[in-house]
Amino acid sequence: QVQLVESGGGLVQAGGSLRLSCLVSGRAFSSYSMGWFRQAPGKEREFVAAVSWRVDSTLYADSVKGRFTISRDLGKNTVYLQMNSLKPEDTAVYSCAARGAWRPVSLSSEYHYWGQGTQVTVSS
C-alpha cells in the first residue's frame with residue numbers, strides 16, 4: 001500500500017500563490033509517477049499536473065501551464081505543486097495520486113493510490 005497525505009491548501013486572493021505538498025509513504029515501486037488532480041463543486045475531477053518520480057518528465061494541463069510547477073524531493077518523499085497567479089477558477093479540492101509506472105499521465109483511472117485532498121480557495 002501507498003499512503004499519500006496532502007497539505008498546504010488554504011484561502012488566497014486572486015493573483016496570489018500557494019504550495020501544496022504530498023508526502024508519500026508505504027510501498028515503494030521500482031518506478032512510479034505522481035499526479036495532482038482537482039475537483040470543484042459540481043464538476044468532474046480534472047487533471048492538473050504529473051511528474052515522474054525518478055526521471056525528469058512532467059506533464060501539465062493547458063489551464064495551469066506557465067502558472068503551476070510540479071516537482072519532487074526524493075530525499076523527503078514529497079511531491080510539490082507550486083501554484084502562482086491563482087485565479088478564482090482554480091478553487092477546488094486538490095488531491096495527489098500515485099501510479100506504478102514511470103510515465104506521467106493525465107488519466108485519473110491510471111492512478112492506483114489517492115490522498116484525501118486539500119482545499120484551495122481563491123477569492124476574487
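Both backbone and side-chain heavy atoms feed into the values below; hydrogens, waters and symmetry mates do not. Here, residue 1 is the first one in the sequence, and each next residue gets the next number.
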Fit a plane to each ring of Trp53 and Tyr32, take the angle between them on a 0 to 90° scale, and name the class: parallel (under 30°), tilted (30 to 60°) or perpendicular (over 60°).
parallel
Please verify the inter-ring angle class for Tyr94 with Phe68; under 30° counts as parallel, over 60° as perpendicular, anything in between as tilted.
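Rings of Tyr94 and Phe68: tilted, 30 to 60°.
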So do the side chains of Leu11 and Gln119 get within less than 4.5 Å of each other, counting heavy atoms only?
no
Contact check, side chains of Ser57 and Arg103, non-hydrogen atoms, under 4.5 Å
no
Evaluate the criterion salt bridge (charged side-chain N to carboxylate O under 4.0 Å, His left out) for residue pair Asp90 and Lys87; output intermediate values, then yes/no.
CA-CA 5 Å; Asp90 293 319; Lys87 305 174 182 180; over 6 Å; no
Drop me the distance from [X]'s [atom1] to [Y]'s [atom2], to the nearest 0.5 angstrom.
X     : Y      : atom1 : atom2 : result
Ser7  : Leu23  : OG    : CG    : 8.0 Å
Arg99 : Ser108 : CZ    : OG    : 11.5 Å
Ser25 : Gln1   : OG    : CD    : 10.5 Å

If you compare all heavy atoms of [X] against all heavy atoms of [Y], which two are closest, and at what distance to 0.1 Å?
X      : Y     : value
Tyr60  : Thr69 : OH-CA, 3.3 Å
Arg54  : Leu74 : NH1-CD2, 3.8 Å
Val51  : Val79 : CG1-CG1, 4.3 Å
Arg72  : Asp56 : NH2-OD1, 3.3 Å
Ala40  : Ala92 : N-CB, 3.8 Å
Gly117 : Ser95 : CA-OG, 3.5 Å

Is there a donor-acceptor pair under 3.5 Å between the side chain of [X] and the backbone N or O of [Y]?
X      : Y      : result
Ser33  : Ala101 : yes
Tyr113 : Gly100 : no
Thr78  : Lys76  : yes
Glu6   : Cys96  : yes
Ser52  : Trp102 : yes

In terms of hydrophobic clustering (I, L, V, M, F, W, Y; side-chain heavy atoms under 4.5 Å; direct or indirect links), are [X] and [Y] co-clustered?
X      : Y      : answer
Val105 : Phe47  : yes
Trp114 : Leu59  : yes
Leu4   : Tyr111 : no
Trp36  : Val2   : yes
Leu107 : Ile70  : no

All pairs passing salt bridge (charged side-chain N to carboxylate O under 4.0 Å, His left out) where residues 39-52 contributes a residue, at least two apart
Arg38-Glu46
